[in-house]
There are 2 protein chains.
Amino acid sequence: MTTAEPRSVKIVRHDASVPKAMKQSDEADVVELKGAAKTRQAISDAARELFAHEEYANASVRNIASKAGADPALVIRYFGSKEQLFLETVQFEGFFELAMAGPLEGLGERIVSALLSDQRDAGFSAYRAMMRASGSEVIRRRLLEAIHEMFVEPLAPRLKGPDAALRARLVAAQLAGLIDGIAILEDAELAATDRKRLSEVYGAALQGLIQP
Amino acid sequence: MTTAEPRSVKIVRHDASVPKAMKQSDEADVVELKGAAKTRQAISDAARELFAHEEYANASVRNIASKAGADPALVIRYFGSKEQLFLETVQFEGFFELAMAGPLEGLGERIVSALLSDQRDAGFSAYRAMMRASGSEVIRRRLLEAIHEMFVEPLAPRLKGPDAALRARLVAAQLAGLIDGIAILEDAELAATDRKRLSEVYGAALQGLIQP
DNA sequence: GTCTATATCTTGATAGAC
DNA sequence: GTCTATCAAGATATAGAC
């Protein structure tokens, strides 16, 4: 079943496959993967996909290996454990940075809008996967850290008035609640709502905490 | 091939030391349950407790039975399946009704305040349990129904202005995000925040959707 | 480097003795 | 009514042949 054919695949290498040594060049260089590196990448991709759409308990090592066209034993061999594999593959991307970069005026609407356009991408999936796996303390803490890094830390220093840190954290909470409804509970009415309208209405609620 | 060796590790029966005062609930404890009804009740209580604090996959039938001091076979016998047991035990209570009953003025703050005082009760636990088990479509739908019954349906008809139904749904989303932070991710900073201050700040954000 | 084979454990659920 | 005994399936993880 597995490809004994020595075909190589072009991928963009991030820091995921780099153990500990810091790369001097921070450009994402395109490399040709062969052998173990290729297999490892295939496992990583398959894991990201399965963790995103399946339940944590259901995304088994066997299923991941099968989807990757690799052997289950290699999954453990390369990543140590299933939980470690989860932590290395399920990550957020900086898709809020653009929205966050602009002025405080209209920021609430831009954040919601950015979230809604990510619907098929990594943001929703990572949050859903981590919430469903939040019985694990390691994963729970990872998600909490991500929330602080993505929202509270960039946003809090910019907010005027009292309780800036608290308000920044609560903006993140508002967003989390929206993801709960759309991406986790799959609320059909919410998903069917016009994005622009949703961005306006909910964005105004966020804005109420950003500029009280 | 199960263990032919007579191991000493077994399920400890608590018959000799049954904790009579397990729950001090002031409801319906006047009736002494006996036999099957008593066992069923013990299983139900243990399940509610375990589903609330453990991961769904980790709250096994065996663990539930062990905690209830009953036999694992009886769990299935009485409730049919693990999922059915979940649906029969994990339920919301109407703890928002009081807050919802008052005037629209200050409703946001009252809702948040009601939520925060429930911290140890059924509301938080049920939401956390259902979110973590949201890989099951049945459970996912149950939670979505509860959100609509508790929030959208009572609230939407009272809201003035456009998008009343959407705004009511989004108020529920705001609340869900707060529960995510406090009860699921166990954000220490959020939990340590003064309740009154939190009710005021986040309540104002809710109020922005209730009375735009 | 990869995969076959398996060890070990746990799950939900069932059958039948007591 | 309760529990012993067990099933069949599936999980993670490991050892060692190729």
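Order of the sequence lines sets the chain letters (A, B, ...), proteins ahead of strands, with each chain counted from 1. Keep in mind that what you see is a predicted model, and the values were worked out from it rather than measured.
- Distance CD (Glu54(B)) to C1' (dT10(C)): 15 Å, rounded to an integer number of Å.
- Identified under the side-chain hydrogen bond (donor to acceptor under 3.5 Å, both in side chains) test for residues 143-156 of chain A, with sequence neighbours left out: none.
- Separating the CG atom of Asp71(A) from the C1' atom of dC18(D) is a distance of 13 Å, rounded to the nearest angstrom.
- In this structure, CZ of Arg62(B) is placed 11 Å from C1' of dC7(D), rounded to the nearest angstrom.
- Between dC3(C), dG12(C), dC3(D), one nucleotide has an atom nearer to the side chain of Val61(B) than all others, and that is dG12(C).
- Side chain of Leu74(B), nearest nucleotide from dC3(C), dA15(C), dT2(D): dT2(D).
- Summarising the geometry, the separation between CD1 on Ile76(B) and P on dT11(C) is reported as 12 Å, rounded to the nearest angstrom.
- Residue pairs meeting the salt bridge (Lys or Arg N to Asp or Glu O under 4.0 Å) criterion with at least one partner in residues 74-92 of chain B, sequence neighbours excluded, are Arg40(B)-Glu88(B).
- Asn63(B) places its CG atom 13 Å from the C1' atom of dG12(C), with the value rounded to the nearest Å.
- Listed by chain and number, the residues in a salt bridge (Lys or Arg N to Asp or Glu O under 4.0 Å) with Arg142(B) amount to none (sequence neighbours excluded).
- We find that CZ of Phe51(B) is positioned 12 Å from C1' of dG12(C), with the value rounded to whole Å.
- Atom CG in Leu115(B) sits 10.0 Å away from atom CG in Leu206(B) (nearest 0.5 Å).
- Remark: Arg140(A) engages Glu137(A), Arg132(B), Leu185(B), Glu186(B) in a side chain to side chain contact (heavy atoms under 4.5 Å, CB included) (not counting sequence neighbours).
- Of the side-chain N and O atoms in Ser60(B), none sit less than 4.0 angstrom from OP1 or OP2 of dT10(C).
- For the atom pair OG1 (Thr39(A)) and CG (Asp71(A)), the distance works out to 10.0 Å, reported to the nearest 0.5 Å.
- For the segment residues 78-87 of chain A, the set of residues with a heavy atom within less than 4.0 Å of an atom of DNA chain D comprises Ser81(A), Lys82(A), in numerical order.
- With sequence neighbours excluded, the residues forming a side chain to side chain contact (heavy atoms under 4.5 Å, CB included) with Ala46(B) are Ile64(B), Lys67(B), Ala68(B), listed by chain and number.
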Subject >> Nucleotide pairing, DNA chain D (Watson-Crick or G-U, distances under 3.5 Å), in dot-bracket with [ ] and | >> reply: ||||||||||||||||||
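- When the salt bridge (Lys or Arg N to Asp or Glu O under 4.0 Å) test is applied to Glu49(A), no partner is found at least two apart in sequence or on another chain.
- Remark: Phe86(B) engages Phe51(B), Tyr56(B) in a ring pair (Phe, Tyr, Trp, His ring centres under 6.0 Å) (not counting sequence neighbours).
- Spacing between atom CD1 of Ile43(B) and atom P of dG1(D) amounts to 14 Å, rounded to whole angstrom units.
- If you measure from atom CD1 of Ile64(B) to atom C1' of dT11(C), you get 12 Å, rounded to the nearest angstrom.
- For the pair Tyr56(A) and Arg77(A), nearest-nucleotide mapping onto DNA chain D gives the more 5' position to Tyr56(A).
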